[in-house]
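Have a look at the structure below, then the notes.
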Amino acid sequence: MTGNKIKSQEPTNCFNNSLDNVALSKLLSENYFGRVLSYDGQVIEASPLPGIIGSLCTINSKNGEYFQGEIVGVGEDKVNILPYESNLDVRVADKVLLTETQQEVDVGDALLGRVIDGLGNPLDGLGAIKVFHKKSLNGIRVNPFDRQPITEILDVGIRNINALLTLGRGQRVGIVAGSGVGKSVLLSMITKSTDADVVVVSLIGERGRELASFTKEILSSHSRDKVVIVAVPADRSPLLRIQGAKRATSIAEYFRDTGKNVLLITDSLTRVAHAQRELGLALGEQPTSRGYPPSVISLIPNLIERTGTSTDNSGSITSIYTILADGDDTTTDPVVDTARAILDGHIVLSRELAQQGIYPAIEVNQSISRLMSDIVSQSHQKNAQILRKYLSKYYENRDLVLMGGYAQGQDPDLDQALALWPEILKFLQQNDNEICDFDSSHDQLAKLLGA
């Protein structure tokens, strides 16, 4: 058996960790191989292998092709393997090789300016990526008491966020919205204007057209040399979509460990949860709230908690996750609710504001940054609270004012809100090619309020 060779092409992997004949012979001689027992179109059952959940396997079909997959279940007399592709030509008794027990991600500075898929293969046509460092795909658990406190401001270049929802380096934030409200445009603006040292963008489960246009826009900007993009479109397997989110997080962890301040953007966390739901249901998990199995609820905090500040003050990962609210339900959706509970703040986008042509369509009074009060000055915090009050007063009484049922002088705060409303609208709006740094945002807020 050790003399058998795989005659087909090697697995496409830009990091050159594919099987060669020597490695194949070694695996076969050490009995790190099994046979396919069954395949139902989703999950491959194979004879026992000395691997754990998450181990990589290669299935060698009788026609000479071979496919990669991951162990997702281990039993006494079999292992369950989920392949990275679907509609495979797999037959009973095909060889299954255990190729990697602990999955690791190849990382390095050569990733900057590149676009890769969930397995690390380049998608930009610029050739192989030569890197020499590795990080665990699933990360290393950090004692929360060892993390450094968040004390520095992250400038995202968005006036509305800088002034009213100030973010700190190492903060975890969610952007919650329904479809078509401007999440991708807001992310593009942040990516192009942030002062982070490195930006890692993971585009999970998006339309292929949107992936291409978003990537082209980001890489054509001045920020190209500090951006890494991990793109897994919607037509790829659920396992690859989960892999893409984990790979992007591992890349961000590498740059954080080198002392960089990293911005990790994941679009979207909901589609990662959908991928885990597909995987869990295929493996027989029981659906709970809205069809989500328990593994989804555990995946979200495990992914989010890998980001944040470091333990030695060397760097940080500020993470922004977009969360798709089904039917614009920003309160009871299970993914929204789970993410909101563990994140350090959330930014809610309003369809009503988008329909009025106000972009970015941030609903300030429904959004919050839990760390803002710790990192901005008292005067800045006071001005932000005043503007929030004016926004609340205006929206609470808008119908009454439009009907002529309000007489000026009854509510001084409402009078001031109505007087400033045209300027408030100008403050809230920002063109997608406009950059407003933190100091300018604060100054414009103070000027608006006459402070």
### Query
With ring centroids as reference points, do H380 and F438 lie under 6.0 angstrom apart?
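Close enough - the centres of the two rings lie under 6.0 Å apart.
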Rounded to the nearest 0.5 Å, how far does [atom2] of [Y] lie from [atom1] of [X]?
{"X": "I323", "Y": "I175", "atom1": "CD1", "atom2": "CD1", "answer": "9.0 Å"}
{"X": "I44", "Y": "L82", "atom1": "CD1", "atom2": "CG", "answer": "8.5 Å"}
{"X": "T338", "Y": "I297", "atom1": "OG1", "atom2": "CD1", "answer": "3.5 Å"}
{"X": "I59", "Y": "E65", "atom1": "CD1", "atom2": "CD", "answer": "12.5 Å"}
{"X": "Q355", "Y": "S350", "atom1": "CD", "atom2": "OG", "answer": "8.0 Å"}
{"X": "H274", "Y": "S268", "atom1": "NE2", "atom2": "OG", "answer": "7.5 Å"}

Donor-acceptor check, side chain of [X] to backbone of [Y], threshold 3.5 angstrom: yes or no?
{"X": "N431", "Y": "E434", "answer": "no"}
{"X": "R247", "Y": "V230", "answer": "no"}
{"X": "S202", "Y": "A245", "answer": "no"}
{"X": "S47", "Y": "G34", "answer": "no"}
{"X": "R388", "Y": "V364", "answer": "yes"}

### Task
Please test S188 against F214 for side-chain contact (heavy atoms from CB on, under 4.5 Å), starting from the C-alpha separation and ending with a verdict.
CA-CA 7 Å; S188 176; F214 183 88; 3.7 Å; yes
Is the closest side-chain heavy-atom distance between [X] and [Y] below 4.5 Å?
{"X": "Y292", "Y": "V335", "result": "yes"}
{"X": "L349", "Y": "E363", "result": "no"}
{"X": "V185", "Y": "Y359", "result": "no"}
{"X": "N80", "Y": "E45", "result": "yes"}
{"X": "L263", "Y": "I265", "result": "yes"}
{"X": "I251", "Y": "L111", "result": "yes"}
{"X": "I158", "Y": "C436", "result": "no"}
{"X": "L281", "Y": "P287", "result": "yes"}

Between [X] and [Y], which heavy-atom pair has the shortest distance, and what is it?
{"X": "G168", "Y": "T318", "value": "O-OG1, 3.6 Å"}
{"X": "G280", "Y": "S295", "value": "CA-OG, 4.4 Å"}
{"X": "V115", "Y": "A231", "value": "CG1-CB, 4.4 Å"}
{"X": "L37", "Y": "V92", "value": "O-CG2, 3.6 Å"}
{"X": "L279", "Y": "L239", "value": "CD2-CD1, 4.3 Å"}
{"X": "P83", "Y": "Q42", "value": "CD-O, 3.2 Å"}

### Name of the residue among N261, T307, T309 meeting side-chain hydrogen bond (donor to acceptor under 3.5 Å, both in side chains) with S316
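The passing option is N261.
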#### Entry: Q102, CD atom: more than 12 neighbouring heavy atoms under 6.0 Å
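Atom CD in Q102 is not packed in, count stays at 12 or less.
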### Query
Any chance NZ of K216 has more than 12 other-residue heavy atoms, nucleotides or ligands included, within less than 6.0 Å?
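For K216, atom NZ is not crowded (no more than 12 foreign heavy atoms under 6.0 Å).
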### Task
Kindly indicate whether a cation-pi arrangement holds for R159 with F427, taking the cut-offs as under 6.0 Å to the six-membered ring centre and within 45° of the axis.
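The answer is yes; both the distance and angle limits are met.
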### Message
As a quick check of understanding, evaluate side-chain contact (heavy atoms from CB on, under 4.5 Å) for H133 and Y254, giving each step before the final call.
### Response
CA-CA 9 Å; H133 305 281; Y254 163 76; 3.6 Å; yes
Looking at [Y] and [X], is there a salt bridge between them, counting it only when a charged N and a carboxylate O are closer than 4.0 Å?
{"X": "D195", "Y": "R169", "value": "yes"}
{"X": "R241", "Y": "E278", "value": "yes"}
{"X": "K135", "Y": "D257", "value": "yes"}
{"X": "R172", "Y": "D344", "value": "yes"}
{"X": "K183", "Y": "D267", "value": "no"}

### Task
Kindly determine whether T166 and I161 satisfy side-chain contact (heavy atoms from CB on, under 4.5 Å), including the steps that lead there.
CA-CA 6 Å; T166 310; I161 298 177; over 6 Å; no
### Task
Using side chain to side chain contact (heavy atoms under 4.5 Å, CB included) as the criterion, point out the one residue from V272, T270, L240, L269 that pairs with I204.
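Only match with I204 under side chain to side chain contact (heavy atoms under 4.5 Å, CB included): V272.
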Is it the case that the side chains of [Y] and [X] hold a donor-acceptor pair, with the cut-off being a distance below 3.5 Å and no angle test?
{"X": "D437", "Y": "N162", "answer": "no"}
{"X": "S61", "Y": "D94", "answer": "no"}
{"X": "E104", "Y": "S136", "answer": "no"}
{"X": "S310", "Y": "Q148", "answer": "no"}
{"X": "S319", "Y": "R306", "answer": "no"}
{"X": "Q171", "Y": "S369", "answer": "yes"}
{"X": "Q243", "Y": "Y84", "answer": "yes"}
{"X": "S55", "Y": "T101", "answer": "no"}
{"X": "Q103", "Y": "E70", "answer": "yes"}

### Message
Is there a side-chain contact (heavy atoms from CB on, under 4.5 Å) between V107 and F255? Walk through the geometry before answering.
### Response
CA-CA 9 Å; V107 293; F255 285 110; over 6 Å; no
### Task
Applying salt bridge (charged side-chain N to carboxylate O under 4.0 Å, His left out), run through K226 and D197 and close with a yes or a no.
CA-CA 7 Å; K226 66 176 186 179; D197 300 323; over 6 Å; no
